[in-house]
2 protein chains.
Amino acid sequence: MTEPTAARVFQALADSTRRDMVERLTDHALSVSALAAPYDMSLTAVGQHLAILEAAELVVTQKTGRVRTCALTRSGFDILEGWLKARRSRWEQHLDRLGEILDDDHTF
Amino acid sequence: MTEPTAARVFQALADSTRRDMVERLTDHALSVSALAAPYDMSLTAVGQHLAILEAAELVVTQKTGRVRTCALTRSGFDILEGWLKARRSRWEQHLDRLGEILDDDHTF
DNA sequence: ACAATGATCAAGTTTTAACTTGACTATTTC
DNA sequence: GAAATAGTCAAGTTAAAACTTGATCATTGT
């Protein structure tokens with residue numbers, strides 16, 4: 001619902017449990033309980049993580065009967081990629097100037 | 001140095017001040033004071049943010065005299081891109097299965 | 001019908017991250 | 001060599017995430 005800014009996506013992926021959820025959802029969709037199974041935390045907590053992943057548009061869910069099924073969705077990842085590409089292209093325009101200041105070959 | 005895992009990079013970029021710092025460093029290298037100038041916080045706080053960006057290998061710094069110059073560096077961004085690409089490619093192998101469960105065209 | 005399952009809500013606690021203060025060091029500049 | 005500038009350190013506070021507990025609800029299986 002809320003707009004999936006880069007802020008939301010980075011915040012969502014900053015947590016290791018949520019990154020692991022994304023990891024596991026990469027292979028197959030899962031119910032909330034199935035998603036929760038490996039973690040040593042309450043189902044409520046998992047639901048809270050899920051809400052954050054949904055707000056970041058990394059995950060979509062759909063409730064059928066009493067089961068909510070969770071799957072990855074594209075938009076959050078697209079935002080991430082867009083953010084990266086934007087910075088990569090701006091960086092390339094300024095190589096020269098940075099080179100003058102830091103003659104470190106790791107310089108972005 | 002600490003290894004720049006995806007965890008560190010996402011955590012670093014989860015904070016809006018740090019994202020803004022990256023934003024500003026995209027155009028030109030800056031001293032710590034210059035970097036701190038726009039923010040309504042102590043120089044110490046800025047130094048702490050900087051340390052996090054360095055640990056994530058998004059920024060490199062170099063002290064010459066009493067001035068520390070900060071510039072973007074490649075590795076953190078490469079890790080981010082690698083993480084994204086890895087998930088994109090694994091996702092493509094499972095389109096079919098997800099399609100069965102959620103017939104939502106937003107499905108990742 | 002009733003028990004079990006899957007999930008959700010409101011309201012608290014705990015843990016972690018962000019930020020502050022005050023003192024201190026090293027380099028310049030006057 | 002004194003004063004201003006640039007940055008750093010240790011230790012504390014504040015604010016924000018992460019997580020819990022104890023209900024509650026709707027759906028499904030017996």
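Quick note on labels: first sequence line is chain A, next is B, and so on, each numbered from 1.
Scanning residues 30-39 of chain A for heavy-atom distances under 4.0 Å to DNA chain D yields an empty list. Less than 4.0 Å separates DNA chain D from no heavy atom of any residue of residues 11-23 of chain B.
Remark: Asp78(B) CG to Leu84(A) CG distance equals 9.0 Å, nearest 0.5 Å. Interatomic distance, Arg87(B) CZ to Thr26(A) OG1, rounded to the nearest 0.5 Å: 6.0 Å.
In this structure, Met41(A) atom CE and dT16(C) atom C1' are separated by 14 Å, rounded to whole Å. For the pair Gln48(A) CD and dA17(D) P, the computed distance is 13 Å after rounding to whole Å. One interatomic measurement links the two molecules: CG of Leu43(B) to P of dA18(C), which rounds to 17 Å at whole-angstrom precision. Rounded to whole Å, the distance from CG on Leu50(B) to P on dC19(C) is 14 Å. Atom-to-atom, NZ of Lys63(B) to P of dA26(C) comes out at 10 Å; the value is rounded to the nearest Å. In this entry the distance linking CZ of Arg68(B) with C1' of dT25(C) reads 14 Å, nearest Å. Regarding Ile52(A), its CD1 atom lies at a distance of 8 Å from the P atom of dA17(D), rounded to whole Å.
For His49(A) and dC19(D), the shortest distance from a side-chain N or O to OP1 or OP2 is below 4.0 Å. Residue Ser42(B) places at least one side-chain N or O under 4.0 Å from the OP1 or OP2 atom of dT20(C). Here Arg66(A) does not reach the OP1 or OP2 of dT8(C): none of its side-chain N or O atoms lies under 4.0 Å away.
The closest donor-acceptor contact from the side chain of Arg18(B) to the backbone of Ala12(B) lies under 3.5 Å. Between the Arg90(B) side chain and the Glu23(A) main chain, a donor and an acceptor come within less than 3.5 Å of each other.
No side-chain heavy atom of Met21(B) sits less than 4.5 Å from a side-chain heavy atom of Cys70(B). Two residues are said to be in side-chain contact when any heavy atoms from C-beta on lie closer than 4.5 Å; Trp83(B) and Leu13(A) meet this criterion. Looking at Leu72(B) and Val59(B), their side chains come closer than 4.5 Å, going by heavy atoms from C-beta outward. Taking 4.5 Å as the limit, some side-chain heavy atom of Thr61(B) sits within range of a side-chain heavy atom of Glu54(B).
Heavy atoms of Gly65(B) sit under 4.0 angstrom from primed sugar atoms or phosphate atoms, though from no base atom.
Side-chain atoms of Thr44(A) and base atoms of dC19(D) include no donor and acceptor less than 3.5 Å apart.
Ionic pairing of Glu81(A) and Lys85(B) is not present here: no N-O contact between side-chain nitrogen and carboxylate oxygen is shorter than 4.0 angstrom.
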